[in-house]
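The block underneath contains the structure these notes are about, expressed in structure tokens.
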Amino acid sequence: MARIRYGARDEAEIAAARTASSKLPDIWSTGVVAVWESDPDAVAAVLPPPLKPTGQPLVRVNISKVDLPGYPLGAGSVAVAAEHGGVRGWYPLVMPMTHERALIGGREVFGEPKKLGEVEVERDGLVVSARLARHGIAFVEVRGAVSGPLPLPEPTRKTDFYFKFLPAVDGSGFDADPMLVHCVRNEKVRKLEAVTGDVVLRESMYDPVADLPVRSLVEITIGEKTTDQQGRVVERVDAQALLPYIHQRYDDPAQILDGPPEGSA
């Protein structure tokens, strides 16, 4: 009988897939990063408990392209500074990805707020532009000119905070208490340049990052880096405390509150 591809994989195939994923080479990306100080109340308002503001209302946008062989990838994020249990890091609100493969792994494994979107990074001589777009709206755009090289930072560890959860089957909340994930990234940089420019936030009902206005621009850089990441669940969180924030994950928040249709079996 011909192999049934939806059938079970044997142990050797599972082991081979696990080994292959654990031996990935360094994957370098070219990306634009902009950091700004925003409104303290706005930053505090988007942080679900038990995350807390850091005392400095920072917002960071990261817009990158990854030249994977035969599989070029655009990846972006908009995140706010946050703290949990003495650990400072970033809480991403939206992470546009240009391919489903990058989206699914992050959402299902780590609880990352990834969505399909458009990610562009362009450089023409010294002129740099980068943008994140969804539903035809470029809701974040960074533009400017390279003003000079920067010293390469030492390898660093950075933490992102995610909430991993499953909406309840009956539309009543969650199937189990959500989990707070600390995702630690080890980052190496091989090229870094300063950019003089600005950040444009455009109104979008789907990605309302315009609610986090640029009060003071801290920095814009363009560079080449590689990262690896490991996540761990640090605690279960109060489902009722998180419920008011889960619309952050979806374009249509009603879809996770709808119960089964009447008369369905």
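Here the structure is a predicted model, which is why all the values come from computation and not from measurement. Count residues from 1 along the sequence.
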Between V109 and Y162, is there a shared hydrophobic cluster once you connect ILVMFWY residues whose side-chain heavy atoms come closer than 4.5 Å? yes
Side-chain heavy atoms under 4.5 angstrom apart, residues restricted to Ile, Leu, Val, Met, Phe, Trp, Tyr: same cluster for M95 and V66? no
Take R3 and E13, measure what salt bridge (Lys or Arg N to Asp or Glu O under 4.0 Å) needs, and give me the verdict at the end. CA-CA 14 Å; R3 176 170 183 172; E13 290 173 307; 2.7 Å; yes
Between T196 and I220, is a side chain to side chain contact (heavy atoms under 4.5 Å, CB included) present by the stated rule, with each step listed? CA-CA 7 Å; T196 300; I220 303 175; over 6 Å; no
Could you give me the CA-CA distance, side-chain angles and deciding distance for Y245 and L243, then say whether side chain to side chain contact (heavy atoms under 4.5 Å, CB included) is met? CA-CA 5 Å; Y245 295 89; L243 193 61; over 6 Å; no
With rounding to the nearest 0.5 Å, note down the distance linking NZ in K114 to CG in L116.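 One gets 11.0 Å once the value is rounded to the nearest 0.5 Å.
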Would you indicate whether the side-chain heavy atoms of [Y] and [X] approach each other to under 4.5 Å?
X	Y	answer
L47	P53	yes
V78	L132	yes
V35	V59	no
S204	R134	no
K225	K188	no
P153	V189	yes
F163	L242	yes
F139	V94	yes

Is [Y] paired with [X] through a side-chain N to carboxylate O contact shorter than 4.0 Å?
X	Y	answer
E187	K158	yes
R123	E193	yes
R202	E141	yes

Please identify which of these residues, V33, V128, L150, meets the side-chain contact (heavy atoms from CB on, under 4.5 Å) condition with I222.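 Considering V33, V128, L150, a side-chain contact (heavy atoms from CB on, under 4.5 Å) with I222 is found only for V128.
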Between R107 and E112, is the salt bridge (Lys or Arg N to Asp or Glu O under 4.0 Å) condition met? List the steps. CA-CA 5 Å; R107 285 177 69 99; E112 294 173 328; over 6 Å; no
Is there a donor-acceptor contact under 3.5 Å from the side chain of [X] to the main chain of [Y]?
X	Y	result
S64	S29	no
K164	E108	yes
D39	A42	yes
S77	A79	no

Steps toward side chain to side chain contact (heavy atoms under 4.5 Å, CB included) verdict (L51, L180): CA-CA 9 Å; L51 300 182; L180 175 59; 4.3 Å; yes
The test is side chain to side chain contact (heavy atoms under 4.5 Å, CB included); show your working for F165 and D177 and say whether it passes. CA-CA 7 Å; F165 56 79; D177 286 339; over 6 Å; no
Using every non-hydrogen atom in the two residues, find where [X] and [Y] come nearest and quote the distance to one decimal.
X	Y	value
W36	L212	NE1-O, 3.1 Å
E224	T30	CG-OG1, 3.8 Å
L217	G197	CD2-O, 3.5 Å
V199	A34	CG2-CB, 3.7 Å
V119	P96	CG2-O, 3.8 Å
A133	R131	CB-NH2, 3.7 Å

Assess whether side-chain hydrogen bond (donor to acceptor under 3.5 Å, both in side chains) is satisfied between D160 and H182, documenting all intermediate values. CA-CA 6 Å; D160 280 353; H182 284 199; over 6 Å; no
Counting only heavy atoms not in [X] (residues, nucleotides, ligands), do more than 12 fall under 6.0 Å from its [atom1]?
X	atom1	result
E11	CD	no
K115	NZ	yes
D10	CG	yes

Going by side chain to side chain donor-acceptor pair (under 3.5 Å), name the pairs with one or both residues in residues 86-103, residues two or more places apart or in two chains. Y91-Q248
